[in-house]
Amino acid sequence: MIFIYNDYGGTHTTSLAAALHLQILKPPSTPLTKEEILAVPFFNKLTKKDFGKLIFHGKDRDGHLVYTLGRKSQKLVVPSLIDFGLLLFEHFQVGERIIFSNTSPTVPISMSLGGFFSRGLKIDSIGVPFLVMGAKKCIHNIYELVENTKQTALTPTQEKIIVLENHQYQK
């Protein structure tokens, strides 16, 4: 299977989701520290040039590939990738299931503000504290989203591509 966690920027909630999926971060039974959050691979590291790129985070314990994607405001990115995936399945006998899981519903306002200041305006002194506050606020929802994504992926179905919008995790 191929897991692709996606949202607007692809560097905050998606990176946290990938880290939880890959067990880089443990289930959030205790509050995350600022250091743990900022040590997450790709967290607050991607730039505008990374929009639309699939970022590989690693293989999970079952050997499934985990990627993230910053799709900006483009609603056509995921549908285009779905069509491309279907083309691969049809013409090249690709055997992997692809799961697109949208992490956007988990984004609290503090994380949006932090991303704007840190990534948009390059003012980390203002943005990073907001990002840390936002990550602490939404980590439980992201954990539940990741667990649901993995469970959905394992549920028997004929579908080769699964798209999870995850509206139930809206803050």
Query raised in the report: Val107, Ile126: one ILVMFWY side-chain cluster at the under-4.5 Å cut-off?
Result: no
Report task. Could you pull out the closest heavy-atom pair between Phe42 and His57, with the gap in Å? Result -> CD1-CE1, 3.2 Å
**Report entry** Working for side-chain contact (heavy atoms from CB on, under 4.5 Å), residues Asn148 and Gln168
**Finding:** CA-CA 11 Å; Asn148 180 63; Gln168 68 268 35; 3.8 Å; yes
Report summary line: In terms of heavy-atom contacts, Lys34 and Lys136 come closest through N-CE, 4.4 Å
Query - Same apolar cluster: Leu81 and Phe89, side chain cutoff 4.5 Å - result: yes
Requested in this report: Can you label the angle between the Phe117 ring and the Phe130 ring as parallel, tilted or perpendicular, going by 30° and 60°?
Outcome: parallel
Requested in this report: Nearest 0.5 Å please: distance from the OG1 atom of Thr149 over to the CD atom of Glu144.
Outcome: 11.0 Å
Query raised in the report: Can Phe116 be reached from Leu38 by stepping across I, L, V, M, F, W or Y side chains whose heavy atoms are under 4.5 Å apart?
Result: no
Report summary line: What one should report as the nearest heavy-atom pair of Phe43 and Ser15 is N-OG, 3.8 Å
**Report entry** Residue that, paired with Arg71, satisfies side chain to side chain donor-acceptor pair (under 3.5 Å) out of Thr14, Asp7, Asn102
**Finding:** Asn102
Query raised in the report: In Å, rounded to the nearest 0.5 Å, how long is the span from SG of Cys138 to CE of Met133?
Result: 12.0 Å
Query - Expected output: side-chain Thr106 to main-chain Thr103 donor-acceptor under 3.5 Å - result: yes
Query raised in the report: Between the main-chain N or O of Leu22 and the side-chain N or O of Arg61, is there a donor-acceptor pair closer than 3.5 Å?
Result: no
**Report entry** Separation between CG of Asp60 and CG of Leu20, rounded to the nearest 0.5 Å
**Finding:** 13.0 Å
Report task. Would you indicate whether the side-chain heavy atoms of Met111 and Lys137 approach each other to under 4.5 Å? Result -> no
Report summary line: dist Tyr143:OH -> Ser29:OG (nearest 0.5 Å) comes out at 9.0 Å
Query raised in the report: Which heavy atom in Gly115 sits nearest to a heavy atom in Leu131, and how many Å separate them?
Result: N-CD2, 3.5 Å
Query raised in the report: Is there a chain of hydrophobic side chains (I, L, V, M, F, W, Y, each step under 4.5 Å between heavy atoms) that links Val77 to Leu86?
Result: yes
**Report entry** Rounded distance [0.5 Å steps], CZ in Arg97 versus OG1 in Thr152
**Finding:** 10.0 Å
Query - For Lys53, side chain to side chain contact (heavy atoms under 4.5 Å, CB included) partners two or more places apart - result: Asp50, Ile55
Query raised in the report: Taking atom CZ of Phe56 as the centre, does the number of heavy atoms from other residues, nucleotides or ligands within less than 6.0 Å exceed 12?
Result: yes
Report task. Indicate yes or no: at least one non-hydrogen side-chain atom of Ile82 is less than 4.5 angstrom from one of Val78. Result -> yes
Query - Side-chain (Glu36) to main-chain (Thr33) donor-acceptor, under 3.5 angstrom - result: yes
Report task. Test Phe100 against Ile162 for side-chain contact (heavy atoms from CB on, under 4.5 Å), laying out the working first. Result -> CA-CA 6 Å; Phe100 291 94; Ile162 297 170; over 6 Å; no
Query raised in the report: Distance only, no hydrogens: is a donor on one side chain within 3.5 Å (strictly under) of an acceptor on the other, for Tyr5 and His21?
Result: yes
Report task. Check the pair Ile4, Leu54 against side-chain contact (heavy atoms from CB on, under 4.5 Å), reporting the backbone distance first and the verdict last. Result -> CA-CA 8 Å; Ile4 302 172; Leu54 291 169; 3.9 Å; yes
Query raised in the report: Is there a chain of hydrophobic side chains (I, L, V, M, F, W, Y, each step under 4.5 Å between heavy atoms) that links Leu88 to Val163?
Result: yes
Query raised in the report: Can you find a side-chain donor-acceptor pair between Thr11 and Asn44 that sits under 3.5 Å?
Result: no
Report task. Might you confirm whether atom NZ of Lys48 has over 12 heavy atoms from other residues, nucleotides or ligands at distances under 6.0 Å? Result -> no
Requested in this report: Please lay out, stage by stage, how Ile99 and Met1 fare under the test side-chain contact (heavy atoms from CB on, under 4.5 Å).
Outcome: CA-CA 8 Å; Ile99 296 88; Met1 275 183 260; 3.8 Å; yes
**Report entry** Closest contact, heavy atoms only, Thr68 versus Ala18
**Finding:** CG2-CB, 4.0 Å
Requested in this report: Over all heavy atoms of both residues, which pair between Leu16 and Ala135 is shortest? Give the atoms and the distance, please.
Outcome: CD1-CB, 3.8 Å
Requested in this report: With sequence neighbours left out, write down each residue that passes side-chain hydrogen bond (donor to acceptor under 3.5 Å, both in side chains) with Asn166, or none if nothing qualifies.
Outcome: Ser101
Query - Min side-chain heavy-atom separation Pro41-Ile24 under 4.5 Å - result: yes
Requested in this report: Look at atom NZ of Lys59 and say whether more than 12 heavy atoms of other residues, nucleotides or ligands are closer to it than 6.0 Å.
Outcome: no
Query raised in the report: Once you round to the nearest 0.5 Å, how far does CD1 of Ile37 lie from CG of Leu32?
Result: 5.0 Å
